[in-house]
**Student:** 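My structure is below; once you've seen it, I'll send some questions.
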There are 2 protein chains.
Amino acid sequence: MPLTAKQGQLLKELKRCKGELSGQDLHARLRKGSRPMGLATVYRHLRQLQQLGEVRCRHLPSGEALYAPAERDEHHLTCVDCGSTTTLESCPVHSVHLDAGQLGGFRPLFHTLEFFGLCGECQQRHQGAAG
Amino acid sequence: MPLTAKQGQLLKELKRCKGELSGQDLHARLRKGSRPMGLATVYRHLRQLQQLGEVRCRHLPSGEALYAPAERDEHHLTCVDCGSTTTLESCPVHSVHLDAGQLGGFRPLFHTLEFFGLCGECQQRHQGAAG
DNA sequence: TTGAGAATGATAATGGTTATCACAAGTTGT
DNA sequence: ACAACTTGTGATAACCATTATCATTCTCAA
């Protein structure tokens, strides 16, 4: 099933950006260009593209969802205090494989590996109060 | 820094449950028992326990956050359509290690590895519409 | 007892996401 | 071309988990 025009437009915009975008971000960007798209449509297609395996998403501690093309196999460090995230340059796991027994009919589309902890800045801030 | 009484109470309740609990779930459970706890306090302590490395959390596609003791090193399959999640029996990665260069001052507390895709049920439901 | 500071919790506010629903666009059959 | 029907769209309202507010309660030392 090829993508529809709007789906393609959305995916193209997502690929154009180096970083991850939230639904709101994406809507704002598309709104500026020619061919704007309503917010509801953005979220609709993000979900559809996700189910097609074209887009992956992860959630920040704030609850906000960030989307990126599924082909980007990036992993992240996220601070549980300030919420800042950084992208790992190299993947720490060399093979992530699930055998059929583990899957039990489930068809994997993408995966996320995230490390949560405290960034240097927040560690320092807390040091005064309690080691 | 030892846990406060309320923090300990909350962590104990979390450990008592086999599955993961949302903030709302946890609040409801504590409300029933003796020694109830306000919703704000539940969320406050969940965040603190997370920063202490005692509790980990992950987000469902719905945006809801699920909490569990950090000591549980479980991974999950999550359906991007219906949102159902299942727990993997065994860990698919044998060593998840980050070297200092990758960390850059970040102090990891816990990590999450999640697989997103379509569960068997949702695959069947979509089969009629489009292969 | 008294006062300063921390903890608590009922409630209001926040804000990303989803549901609603009327309308536009496309499709088919005649 | 026209009608009947399906699908896609988007402004807006509704949803709901989470967070902020703030008055009250608790803690504890002097």
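Throughout, a chain's letter reflects where its sequence line sits, starting with A, and its residues are numbered from 1.
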**Student:** I need the CZ-P distance between A:Arg35 and D:dT9, as an integer number of Å.
**Tutor:**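 Computing the A:Arg35:CZ to D:dT9:P distance gives 12 Å.
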
**Student:** Side-chain N or O of A:Arg44 less than 4.0 angstrom from OP1 or OP2 on C:dT17?
**Tutor:**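 So the side chain of A:Arg44 is outside the cut-off, no N or O lying under 4.0 Å from OP1 or OP2 of C:dT17.
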
**Student:** Among D:dT9, C:dT8, C:dT18, which nucleotide sits nearest the side chain of A:Tyr43?
**Tutor:**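 So the nucleotide nearest the side chain must be C:dT18.
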
**Student:** Atom CD of B:Gln48 and atom C1' of D:dT19: how far apart are they, to the nearest Å?
**Tutor:**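 Between C1' of D:dT19 and CD of B:Gln48: 14 Å.
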
**Student:** Within this structure, what is the NE2-to-P distance between B:His59 and D:dC16, rounded to whole angstrom?
**Tutor:**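 Taking NE2 of B:His59 and P of D:dC16, I get 18 Å after rounding.
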
**Student:** Grab the CD-P distance between A:Glu64 and D:dA17 for me, whole Å please.
**Tutor:**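 Interatomic distance, CD of A:Glu64 to P of D:dA17: 19 Å.
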
**Student:** Looking at every strand, decide which applies to B:His45 at a 4.0 Å heavy-atom threshold: base, sugar-phosphate, or nothing.
**Tutor:**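 Sugar-phosphate only.
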
**Student:** Choose from C:dT17, C:dA19, D:dA17 the nucleotide whose nearest atom is closest to any side-chain atom of B:Gln24.
**Tutor:**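 Given the options C:dT17, C:dA19, D:dA17, the side chain of B:Gln24 is closest to D:dA17.
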
**Student:** Given 3.5 Å as the limit, does a donor-acceptor pair link the side chain of B:Glu71 with the main chain of B:Val55, or not?
**Tutor:**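 The answer is no, because no donor-acceptor pair under 3.5 Å joins these two groups.
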
**Student:** For the side chain of A:Ala65, counting heavy atoms from C-beta on, which of C:dT18, C:dT17, D:dA11 is nearest?
**Tutor:**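 My answer, after comparing the listed nucleotides, is C:dT17.
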
**Student:** Within residues 9-18 of chain B, find the residues that approach DNA chain D with a heavy atom at under 4.0 Å, and present them sorted by residue number.
**Tutor:**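 Heavy-atom contacts with DNA chain D come from no residue of residues 9-18 of chain B; none.
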
**Student:** Please assess A:Glu20 against A:Arg56 for the test salt bridge (charged side-chain N to carboxylate O under 4.0 Å, His left out), listing each intermediate value before the final yes or no.
**Tutor:** CA-CA 10 Å; A:Glu20 301 163 293; A:Arg56 67 166 173 74; 3.5 Å; yes

**Student:** Is it true that a side-chain atom of A:Glu13 and a backbone atom of A:Leu10 form a donor plus acceptor pair closer than 3.5 Å?
**Tutor:**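 Between the backbone of A:Leu10 and the side chain of A:Glu13 there is no qualifying donor-acceptor contact (under 3.5 Å).
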
**Student:** Nearest to the side chain of B:Thr41 - D:dG10, C:dT8, D:dA20?
**Tutor:**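 The nucleotide sitting nearest to the side chain is C:dT8.
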
**Student:** Rounded to whole angstroms, how far apart are CG on B:Leu60 and C1' on C:dT17?
**Tutor:**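 Roughly 14 Å, once rounded to whole Å.
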
**Student:** Carefully, step by step, assess A:Asp81 and B:Arg47 under the rule salt bridge (charged side-chain N to carboxylate O under 4.0 Å, His left out).
**Tutor:** CA-CA 8 Å; A:Asp81 189 357; B:Arg47 169 177 288 203; 5.3 Å; no

**Student:** Check the distance between C:dG16's P and A:Arg47's CZ and give it to me in whole angstrom.
**Tutor:**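 My rounded result for the distance is 18 Å.
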
**Student:** Given that B:His27 and A:Tyr67 both sit by DNA chain C, which one's nearest nucleotide is further toward the 5' end?
**Tutor:**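 Nearest nucleotide further toward 5': that of B:His27.
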
**Student:** Would you mind listing every side-chain hydrogen bond (donor to acceptor under 3.5 Å, both in side chains) that reaches into residues 104-122 of chain A, with sequence neighbours excluded?
**Tutor:**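 Every side-chain hydrogen bond (donor to acceptor under 3.5 Å, both in side chains) pair that includes a residue of residues 104-122 of chain A, provided the two are not neighbours, is A:Arg58-A:Glu114.
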
**Student:** Would you say B:Arg31's side chain and B:Leu26's backbone share a donor-acceptor pair under 3.5 angstrom?
**Tutor:**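 No; judged by distance alone, with no hydrogens or angles, the pair does not exist.
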
**Student:** Donor-acceptor check, side chain of A:Gln51 to backbone of A:Gln48, threshold 3.5 angstrom: yes or no?
**Tutor:**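 Pair absent, no side-chain N/O of A:Gln51 close to backbone of A:Gln48.
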
**Student:** Quick one: A:Leu21 CG to C:dG16 P, roughly how many Å, whole number?
**Tutor:**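 These atoms are roughly 14 Å apart.
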
**Student:** Could you state the atom-to-atom distance from CE of B:Met37 to C1' of D:dT25 in whole Å?
**Tutor:**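 The answer, rounded to whole Å, is 16 Å.
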
**Student:** Could you check B:Leu39 against B:Ser62 and say which one's nearest nucleotide on DNA chain C is further toward the 5' end?
**Tutor:**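 Of the two residues, B:Leu39 wins.
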
**Student:** Quick one: label A:Pro61 by what it contacts on the DNA or RNA (base, sugar-phosphate, nothing), any heavy atom closer than 4.0 Å.
**Tutor:**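 Counting heavy atoms under 4.0 Å across all strands, no contact is made by A:Pro61.
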
